[in-house]
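Read the structure below first, then the notes.
Just follow the structure's listing: the first ligand is 1, and inside any ligand the first atom is 1.
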Amino acid sequence: MAFKTIFEPFRIKMVEPISVSTEAEREVYLKKAHYNPFLLDSEQVMIDFLTDSGTSAMSAAQWGGMMVGDESYAGAISWHNMEKEVQDLTGYQYILPTHQGRAGERILYGHLGGKGKVFISNTHFDTTRANIEFSGAVAIDIPVEEAKNPMLDHPFKGNMDVVQLDALIQKHGTENIGAVILTVTNNSGGGQPVSMKNAKAVSEICKKHNVLFILDCCRVAENAYFIRHREEEYAQNNYREIAQEMFSLADGAVMSAKKDALVNMGGFLALKDKSLADACKNLLIITEGFATYGGLSGRDMEALAIGLKEVFDEDYLHYRIRSTTYLGEKLKAIGVPIMWPVGGHAVYVDAKQFYPNIPIDEYPGQVLVGELYLKGGIRSVEIGSLMFGKYDEQHHLVPANWELVRLAIPRRVYTQSHIEYVIEVFAELMKSRDRKNGYRITEEPQFLRHFTCKLEPVNA
Ligand code: F0G
């Protein structure tokens, strides 16, 4: 379409009211939540950018599918619909349903991992790393050099450093490599895409050394959009074909269907090799469920099969990526420091630059998260020293590499007016960038502290 306005390729049949609050009310809510938006109730939030995971709006066709979901324990029609769809998309024969992405990760990486094993990725997502490390294995991230500079313009900052990949495989020995995992798009690296050229290079190296190559494919459709628009050879391909080609390069895939399968819950493991699939199937049955439902309801599998088709729709993907980019471009234009270029599912704000006067050990990212909520009822998440910071022996904070705030955009949920509203809230926050004080932590658990820790403002 030649027009500039982002045309949302859907109309709304059913609405979910948003409870509109005042700043004074939100002040009370945030204080009660100990300045940690994970502790807010969703009713207290006006725009929820906490995650794009499991927050999609399903289509009428998906809701229709829910009604005909077959809830049989074994051999349900809905399972066959899902299996067929995933086989067709991935080209892999063995499909294992799981309740979400991390269940597939636990099964596959638990089986392949263990002490002495090494996994290599462009960037392991938190749960991927946690499952690998829990098995006793080591997870190594090797993003390309360009990925390390948040402001550098580069079309494929999600790429893996293939020179390092080859060297690492040789260093550790092929027999010790659990798997090479390519995360598309690279969530922890800012939702940045991986090029087909890079995926091909990774595939060749893995074949050369005979090591397993797995795709973490939860945003594979969004990644396909970037390939078509940034990699010339693919300008004429449709998005599904691009994704299929990427799958053909790997030996298997793990998917959190809560992203690009447009469902609220679900996932799968898809594998080429029968003996690996058989081993995983045993583990699936022990902890997830029988091989034809794996922890999912029949209706969920039905919706997943439909969502996996819908996500490759030309107009949908255009709207999806354009609207994320639109938010990023507008924020950049009013001077908000953001990670560049804008990724597929989220805009990342550099909070260290946004609040240059707030010391890192007072968590500038969390301040921005708090202010977005207070001013606009917008919930976001800090990806910085609150999430990844550690302490040294003197209990001083060892900061994370970045102080980012992620605005993750749910699929098909918010309209352009909501996005304009978010931009307006940012414009308001731009007026108080000279803040000097942040937060201190008053209570924290030992692991994954950002979820449940309590904070309070440091007063001047
Ligand atoms: N891999 C990637 C790249 C992810 O982004 C996620 C989840 C998972 C695996 C795990 O999937 O949640 O279904 O178990 N990401 C969410 C997020 C939580 O907010 O980015 P899951």
Side-chain angles (χ1 to χ4, degrees), residues 37-38 42 48-56 96-110 119 121-134 139 141 143 147 157-160 179-194 214-223 243 246 250 252-270 284 287-288 294-296 300-301 303-304 307-308 311 324 339 343-348 369 379-384 387-388 404-411 413 448 450-451:
F38 275 104
S42 67
D48 207 344
F49 282 171
L50 192 63
T51 179
D52 65 318
S53 181
T55 51
S56 302
L96 284 69
T98 62
H99 79 272
Q100 64 184 89
R102 69 196 72 180
E105 292 172 347
R106 184 182 51 76
I107 290 170
L108 182 63
Y109 304 137
F119 290 77
S121 177
N122 46 346
T123 311
H124 295 85
F125 180 68
D126 320 3
T127 58
T128 320
R129 172 176 287 278
N131 275 297
I132 289 168
E133 291 177 349
F134 188 70
D141 293 337
K157 284 168 96 171
N159 284 354
M160 187 187 285
V180 171
I181 305 165
L182 196 58
T183 312
V184 296
T185 56
N186 190 8
N187 182 12
S188 309
Q192 298 291 329
V194 175
I214 301 292
L215 282 183
D216 177 341
C217 68
C218 59
R219 297 181 182 86
V220 70
E222 292 173 4
N223 199 81
M246 192 165 260
V254 181
M255 181 168 198
S256 166
K258 299 169 74 171
K259 285 83 169 172
D260 270 354
L262 301 171
V263 289
N264 304 119
M265 197 52 73
F268 61 79
L269 199 56
L284 178 80
T287 58
E288 287 285 300
L296 290 172
D300 291 335
M301 297 192 282
L304 195 159
L308 262 191
V311 77
T324 310
M339 225 169 146
H345 68 294
V347 174
Y348 294 70
V369 166
R379 177 153 68 172
S380 55
V381 64
E382 191 256 19
I383 302 187
M387 190 181 267
F388 293 121
L404 300 174
V405 169
R406 182 179 81 166
L407 311 167
I409 307 183
R411 295 166 180 80
V413 170
L448 298 172
H450 59 284
F451 286 128

Do any heavy atoms of His345 fall under 4.0 Å from ligand 1? no
Under the criterion side chain to side chain contact (heavy atoms under 4.5 Å, CB included), I'd like the reasoning laid out for Phe268 against Leu308: C-alpha separation, chi angles, the key distance, then a yes or no. CA-CA 12 Å; Phe268 61 79; Leu308 262 191; 4.2 Å; yes
Check whether any N or O atom of Cys218, backbone or side chain, sits under 3.5 Å from an N or O atom of ligand 1, and answer yes or no. no
Thr183 to ligand 1: N or O pair under 3.5 Å? no
Tell me yes or no: between the side chains of Arg129 and Ser188, is some donor less than 3.5 Å from an acceptor? no
Using a 4.0 Å heavy-atom cut-off, which part of Lys258 comes near ligand 1: side chain, backbone, both, or neither? side chain
Interatomic distance, Leu269 atom CG to Glu105 atom CD [nearest 0.5 angstrom]: 10.0 Å
Tell me which one of Val180, Thr183, Ile181 satisfies side-chain contact (heavy atoms from CB on, under 4.5 Å) with Met160. Val180
Is it the case that the side chain of Glu288 and the backbone of Pro97 share a donor-acceptor pair, with hydrogens and angles ignored and the cut-off at 3.5 Å? no
Can you pull out the closest protein heavy atom to atom 10 (C) of ligand 1? Residue, atom name and distance to 0.1 Å, please. Thr127 OG1, 3.4 Å
Check each atom of ligand 1 against the heavy atoms of Ser256 and keep those under 4.0 Å away; list them by number with element. 11 (O), 13 (O), 21 (P)
Under 4.0 angstrom from ligand 1, any heavy atom of Arg406? yes
Give the residue and atom name of whichever protein heavy atom lies nearest to atom 8 (C) of ligand 1, and the separation in Å to one decimal. Phe125 CD2, 3.4 Å
Nearest 0.5 Å, please: how far is CE in Met265 from CG in Leu296? 9.0 Å
Residue, atom name and distance, where the atom is the protein heavy atom closest to atom 5 (O) of ligand 1: Asn187 ND2, 2.8 Å
Give the atoms of ligand 1, by number and element, whose distance to some non-hydrogen atom of Glu105 is under 4.0 Å. 1 (N), 9 (C)
So, regarding Gln100 and ligand 1 (criterion: nitrogen or oxygen to nitrogen or oxygen, under 3.5 Å), is there a contact or not? yes
Do me a favour and list the nearest non-hydrogen protein atom to atom 7 (C) of ligand 1 with residue, atom name and distance? Lys259 NZ, 2.5 Å
Taking only heavy atoms of Thr51, which atoms of ligand 1 are found under 4.0 Å from at least one of them? 17 (C), 19 (O)
Mind running side chain to side chain contact (heavy atoms under 4.5 Å, CB included) on Asn186 and Lys157 for me, showing each step along the way? CA-CA 8 Å; Asn186 190 8; Lys157 284 168 96 171; over 6 Å; no
Only one of Thr128, Thr127, Thr287 clears side chain to side chain donor-acceptor pair (under 3.5 Å) with Arg106; which? Thr287
Please list, in number order, the atoms of ligand 1 under 4.0 Å from a heavy atom of Gly101. 11 (O), 13 (O), 14 (O), 21 (P)
How long is the straight-line distance from CZ of Arg219 back to CG of Asp52, given to the nearest 0.5 Å? 4.0 Å
To the nearest 0.1 Å, how far is atom 1 (N) of ligand 1 from its closest protein heavy atom, and which atom is that? Asp216 OD2, 2.7 Å
Positive for side chain to side chain donor-acceptor pair (under 3.5 Å) with Ser53, one of Gln100, Lys259, His345: Lys259
Would the distance check show the side chain of Asp216 and the main-chain N or O of Leu182 forming a donor-acceptor pair, the cut-off being under 3.5 Å? no
For ligand 1, which is the ligand I care about here, please tell me if Arg219 has any N or O atom under 3.5 Å from one of the ligand's N or O atoms. yes
Which protein non-hydrogen atom lies closest to atom 12 (O) of ligand 1, naming both residue and atom, and how far is it? Arg102 NH2, 2.9 Å
